[in-house]
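What follows is a single structure, written as structure tokens, with notes after it.
Just the heavy atoms: all of them, side chains too, but no hydrogens, waters or symmetry mates, feed the values below.
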Amino acid sequence: MMYTLMIVGMALITAFIKAAIFMLGERAAFPVWLKEALAFVPVTVLTAIIVPMVLAPHGQGIELSWRNPQLIAACAAVLVCAATRRQLLTIMVGLLVFFAWQFGVLGR
């Protein structure tokens, strides 16, 4: 129940902020430093979501082993992204490695 209230609260705050900025339009002028800082928000939020899921997929401590398919797939995806800079290929390789590791190597 607590998580539900927290998510609903975050959604309301986000909707309020976006609606206020949309309604103010050009009248809302942000300093350059704030605009630059806000450019990093999506990357930061995505990192905060993905890293715990990769390093501790079961929520019971960090799992840095070959038996963690999320970690293996993330490492493969990082390598493909660094080599090719192609998003769709990175996603496809990450998913392929994850499922191959999950069902092939680990046999789950």
Side-chain angles (χ1 to χ4, degrees):
M1 181 64 177
M2 183 64 172
Y3 290 121
T4 304
L5 290 174
M6 198 166 41
I7 291 170
V8 169
M10 289 186 294
L12 290 173
I13 290 169
T14 301
F16 174 75
I17 291 171
K18 289 191 178 276
I21 291 172
F22 180 73
M23 288 188 294
L24 291 173
E26 294 295 319
R27 293 177 289 182
F30 296 112
V32 174
W33 63 268
L34 182 59
K35 288 180 183 178
E36 290 175 0
L38 289 175
F40 292 102
V41 169
V43 174
T44 307
V45 170
L46 192 57
T47 302
I49 293 169
I50 291 174
V51 169
M53 290 172 54
V54 168
L55 297 180
H58 301 102
Q60 299 179 4
I62 294 177
E63 296 180 31
L64 298 177
S65 76
W66 65 273
R67 299 192 57 80
N68 181 349
Q70 287 90 333
L71 180 61
I72 303 300
C75 290
V78 166
L79 292 174
V80 169
C81 182
T84 66
R85 300 280 186 195
R86 295 179 62 199
Q87 290 178 347
L88 186 57
L89 180 62
T90 300
I91 293 168
M92 290 177 7
V93 168
L95 285 171
L96 180 67
V97 169
F98 172 78
F99 286 115
W101 204 267
Q102 179 85 12
F103 298 113
V105 175
L106 300 177
R108 292 184 197 167

Residue pair Ala73 / Gly94: nearest heavy atoms and the distance that separates them: CB-O, 3.3 Å
Which pairs count as side chain to side chain donor-acceptor pair (under 3.5 Å) when at least one residue sits in residues 52-72, sequence neighbours excluded? His58-Glu63
When rounded to the nearest 0.5 angstrom, what is the spacing between CG in Leu96 and CD1 in Ile91? 13.5 Å
Does anything in residues 76-101 pair up under side chain to side chain donor-acceptor pair (under 3.5 Å), and if so which pairs, sequence neighbours excluded? none
Output the distance between atom CG (Leu24) and atom CD1 (Ile21), rounded to the nearest 0.5 Å. 8.0 Å
Using a cut-off of 6.0 Å, state whether more than 12 heavy atoms not belonging to Leu95 lie near its atom CG. yes
Show the nearest heavy-atom pair for residues Gly61 and Ala56, with the distance to one decimal. O-CB, 3.2 Å
Is there a path of hydrophobic side-chain contacts, each under 4.5 Å between heavy atoms of I/L/V/M/F/W/Y residues, joining Phe98 to Met92? no
Where do Val43 and Thr47 come nearest, in terms of heavy atoms and distance? O-OG1, 2.8 Å
Within residues 5-15 or reaching into it, pairs that qualify as side chain to side chain donor-acceptor pair (under 3.5 Å) - sequence neighbours excluded: none
Does one hydrophobic cluster hold both Leu38 and Trp33, with members joined at side-chain heavy-atom distances below 4.5 Å? yes
Applying a strict under-4.5 Å side-chain criterion to I, L, V, M, F, W and Y, I'd like to know whether Met10 and Phe16 cluster together. no
Please determine whether residues Met53 and Val45 belong to a single hydrophobic cluster, defined as Ile, Leu, Val, Met, Phe, Trp and Tyr linked transitively by side-chain heavy-atom distances below 4.5 Å. yes
Same cluster or not: are Leu34 and Ile17 linked, directly or through other Ile, Leu, Val, Met, Phe, Trp or Tyr residues, by side-chain heavy atoms under 4.5 angstrom apart? yes
